[in-house]
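We name chains A, B, ... by the order of the sequence lines, and we start the count at 1 in each one.
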Amino acid sequence: MVDKDIIEKLQKKILVLQGNHKPDKEQLGVGLGAIELVFPGNIFPRGAVHELISLSSENASSTNGFISVILGKLMQKNGCCIWISSKRKLFPPALKVFGINPEQILFVDTWKVKDCLWTIEEAMKCDALTAVVGEISEMSFNDSRRLQLAVEKSKVTGFIHRQQPKAMNAVACVSRWKINSVESELIGKMPGVGFPRWEVELLKVRNGQTGKWLVQWSPRGLEYISEQIVTTKIHEPKIA
Amino acid sequence: MARIVAIWFPHLITDRMIRRQPELKGVPFALANNEKGRRIVKAVNSIAQEKGVFTGMVVADCRALLPELQLFDYDEKESKRLLLSLAEWCIRYTPFVSTDENGLILDASGCTHLWGGEKEYLREIHTRFKNFGYQIRIGMADTIGCAWAVCYYGKNGLIITEGKQAEAISTLPSAALRLEKTVCEKLEKLGLKTIGSFMLMPRTALRRRFGQALLTRLDQALGAEMEMLTPVKPPSPFEERLSSLEPILTATGIEMALKNLLAIVCERLTKESKGLRKCELRCYRMDGNIQKIEIGTNRPTRNSIHLFKLFELKIQQIEPDLGIELFILEAPVVEELLSSQDALWAMSSANEAAVAELIDKLAGKIGIAAIHRYLPAQHYWPERSVKETTSLTERPDAEWRTDLQRPLHLLPKPEYIEVSVPMPDYPPLLFHYKGLLHTVKKADGPERIEQEWWIEEGLYRDYYCVEDDKGARYWLFRSGDYNNSNPKWFIHGFFA
């Protein structure tokens, strides 16, 4: 019994060292509901970099939709967000549906990948921002490590959306997501297209459980259609 | 004794307009504005004046007199501004220049010899203005009053030698003394047409009949009473220089110089409650070459640490070569910066400043053109439904619309797709996009969006939101209808 206590204490210490600080009282959920339970401390990690992967341009928009859901909650208190991309397709007026005021987002469009990474890093270093979204395709382990270190200091929540990457190489981000768009459903065979529905896959998570959920974004918020946690095994923490 | 030059621009504003629009040369035109319900002429060009149009005339009368007369609006401030800028330009002739109602007064004491004498001095001024296209009358005398009288009522270009004011003005009309109109009229009525006719009258008699003003003006013209000029002060540029004892070769040296200069400039900015928008560092090299780096900021700032950080990114562009002997830091664009600024999205002011500084940093490296912020625009046409803003604080003047479905991803240009449509006004059954066949399972629409004919002509679009068998949602549109032609289909976006 004593051993277990010690191990728990040590684990908590490690978590803090890895950037998972104890959540403040103000830091509530980000509106993900059941998904948040798989993270250490049952709370969505802020001040960390999350990696999202999309393999087609259709899924890219779903992925940005999922990011917008989280951003909408993060920016509730009038924060400011910077959205950096090398080939942006995002249409600002559509963000309003996700509870974001599009005028609170600054878009930075760079053509060079190098500039893009530099911009993301500089933005993540700025503690006045609430969140930073970076849309790039390739990111090396070293790059991701730099970004993670930057956010650990500034407490900015970072999202790296990798569109059609050449390889899904290992990176130092706290989680890796994959969002696929799924056929929508309407009640009672009504004609038309329903609310956006996604299959949210959490492929990797540091010190948490991976899983797969079927969710739907409606004006009421994120709704769970079905929930299936694939693995219950705790991921071994990676030492970067 | 002082030497004063008076310059009068009889057609200041109209000359300026001819300079700006050369096609007005040779055309009679006038400027007028509304006064007591009538349009009154405020300025005329020389051609119109020759034909009998004068300032103070009613526009209707001018039209009757000269039907081909062109009329423009008169802006009083514009004429003042122009006079001020001409005064600033004249500082090349003397450090003391002041503006008059329609002209300039220059204190040329001790300046004329630099141009080789008084005659040459006046000729130089006259020629320069003539070359610019300004007609001027000019006069020179010991006192402001006398120079003014000679300029407005004497021979053009007349120089009154020292102490000869009394002779010079005695033949001029009483109006040359800068008197009020009523006093002039009274003098005229009594037959005192020239200044000489009353100049030697007993002062008490003059004062009793015409007031103290006449005596003051007379004394000022003759030099018995002092008259002061209020010289125009040009805004001194925000420029600081630092010369080095030994040529600077290293980046550390440049940084130190820059820090010193920034500290001085920022201190002055704080005093005058201003902030700079643009700053330039010029490094004068031993071999005569000038190395230059420049930064711009998003909003006025006077934070020397932040400015230094912006410069730091560019210091490596400087090639010291043999060494730099002189640094000049200049802020060409300066704006008002009060301590309380508009709140940026209700953030705390510290955060706001930090974001603005981050943007400056980004703009310094990748260019301000890469940074965008959007506000809603009241247009249905999707490409025009957002407008870009350069300001960080501008707030939307309309609500963002959520009642219409808009895709999260919008293609910069709609892409052509091949479709098979069961019947007109129906969404497609199948469509080909990027070599893949998509079977449409569900569809919403159409939402018809018409071209805004006052902006652009073109076919309307019928938008459909469709979902394919894989669950991906697209925004498609048909351009035009099936009645007249074979309409084309396009894909314009992806829904989340």
Side-chain angles (χ1 to χ4, degrees), chain A residues 56-66 68-69 77-80 82 84 87-98 101-112 115-116 118-119 122-123 125-129 180-184 186 191-194 196-199 217 219, chain B residues 344-348 350-359 361-362 365-367 369-376 382 385-386 389 392 394-396 399-402 404-412 434 441-445 464-474 493-496:
Chain A
S56 68
S57 37
E58 288 87 352
N59 285 338
S61 71
S62 309
T63 309
N64 277 343
F66 184 72
S68 308
V69 170
K77 277 189 203 146
N78 284 329
C80 171
I82 293 197
I84 303 138
K87 31 184 187 283
R88 180 169 58 89
K89 285 193 195 136
L90 194 90
F91 188 47
L95 290 171
K96 187 73 193 175
V97 178
F98 296 98
N101 285 330
E103 75 266 12
Q104 285 181 17
I105 297 191
L106 287 170
F107 294 95
V108 182
D109 298 315
T110 60
W111 300 109
K112 285 189 216 151
D115 280 347
C116 203
W118 177 83
T119 312
E122 286 302 322
K125 275 184 197 164
C126 177
D127 51 9
L129 297 171
N180 292 324
S181 58
V182 179
E183 257 186 272
S184 62
L186 283 157
V193 182
R197 199 171 267 209
W198 307 308
E199 184 191 69
W217 175 256
Chain B
L344 170 75
W345 315 316
M347 293 202 313
S348 68
N351 279 0
E352 197 180 304
V355 172
E357 282 172 11
L358 169 72
I359 289 161
K361 200 170 180 187
L362 299 182
K365 175 132 176 171
I366 56 175
I371 299 167
H372 310 278
R373 184 170 171 251
Y374 297 97
L375 292 177
S385 61
V386 287
T389 171
L392 279 183
E394 194 180 339
R395 288 174 179 283
E399 279 286 302
W400 291 94
R401 297 192 65 148
T402 50
L404 301 164
Q405 266 196 321
R406 289 290 175 263
L408 194 59
H409 276 194
L410 192 80
L411 293 171
K434 284 198 173 161
K441 288 278 175 191
K442 296 187 179 84
D444 254 342
Y464 293 91
C465 165
V466 303
E467 188 180 272
D468 73 353
D469 49 344
K470 290 177 203 81
R473 288 164 282 272
Y474 305 89
F494 303 91
F495 284 95

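- Heavy atoms of B:Leu408 lying under 4.5 Å from chain A belong to its backbone as well as its side chain.
- For chain B, no part of A:Trp217 is nearby; none of its heavy atoms comes within less than 4.5 Å.
- Considering only heavy-atom pairs separated by less than 4.5 Å from chain B, the leading option among A:Ser184, A:Pro92, A:Pro196 is A:Ser184.
- Interface summary for chain A: among B:Ile359, B:Thr402, B:Leu358, B:Val386, the most heavy-atom pairs under 4.5 angstrom belong to B:Leu358.
- In this structure, A:Arg88 satisfies the cation-pi test against A:Phe107, with its NZ or CZ atom closer than 6.0 Å to the six-membered ring centre and inside 45 degrees of the ring normal.
- The part of B:Lys470 that comes within reach of chain A is its backbone (N, CA, C, O), which places non-hydrogen atoms under 4.5 angstrom from that chain.
- Residue contact with chain B, scored on non-hydrogen atoms closer than 4.5 Å, involves the side chain of A:Phe98 exclusively.
- Neither the backbone nor the side chain of A:Trp111 comes within contact range of chain B, judged by heavy atoms closer than 4.5 Å.
- Side chain of B:Arg473 to backbone of A:Glu183: no donor-acceptor contact under 3.5 angstrom is found.
- For the residue pair B:Val355 and A:Cys80, the shortest heavy atom distance occurs at CG1-SG, 4.3 Å.
- Contacts of B:Pro376 with chain A are absent, with no heavy-atom separation under 4.5 Å from either backbone or side chain.
- Taking the six-membered ring for Trp, B:Phe495 and B:Tyr474 have ring centres at least 6.0 Å apart.
- A:Glu122 and B:Lys361 are joined by a salt bridge, as a carboxylate oxygen and a charged side-chain nitrogen come within less than 4.0 angstrom of each other.
- For the set A:Gly194, A:Ala94, A:Gly65, A:Ala123, the entry with the most heavy-atom pairs within less than 4.5 Å of chain B is A:Ala94.
- For chain B, the nearby part of A:Val182 is the backbone; its heavy atoms alone come within less than 4.5 Å.
- In terms of non-hydrogen atom pairs under 4.5 Å with chain A, the most contact-rich of B:Asp444, B:Ile366, B:Asp469 is B:Asp444.
- The candidate from B:Lys434, B:Glu467, B:Gln405 with the greatest count of non-hydrogen atom pairs under 4.5 Å with chain A is B:Glu467.
- With hydrogens and angles disregarded, no donor-acceptor distance shorter than 3.5 Å links the side chain of A:Asn180 to the backbone of A:Asn59.
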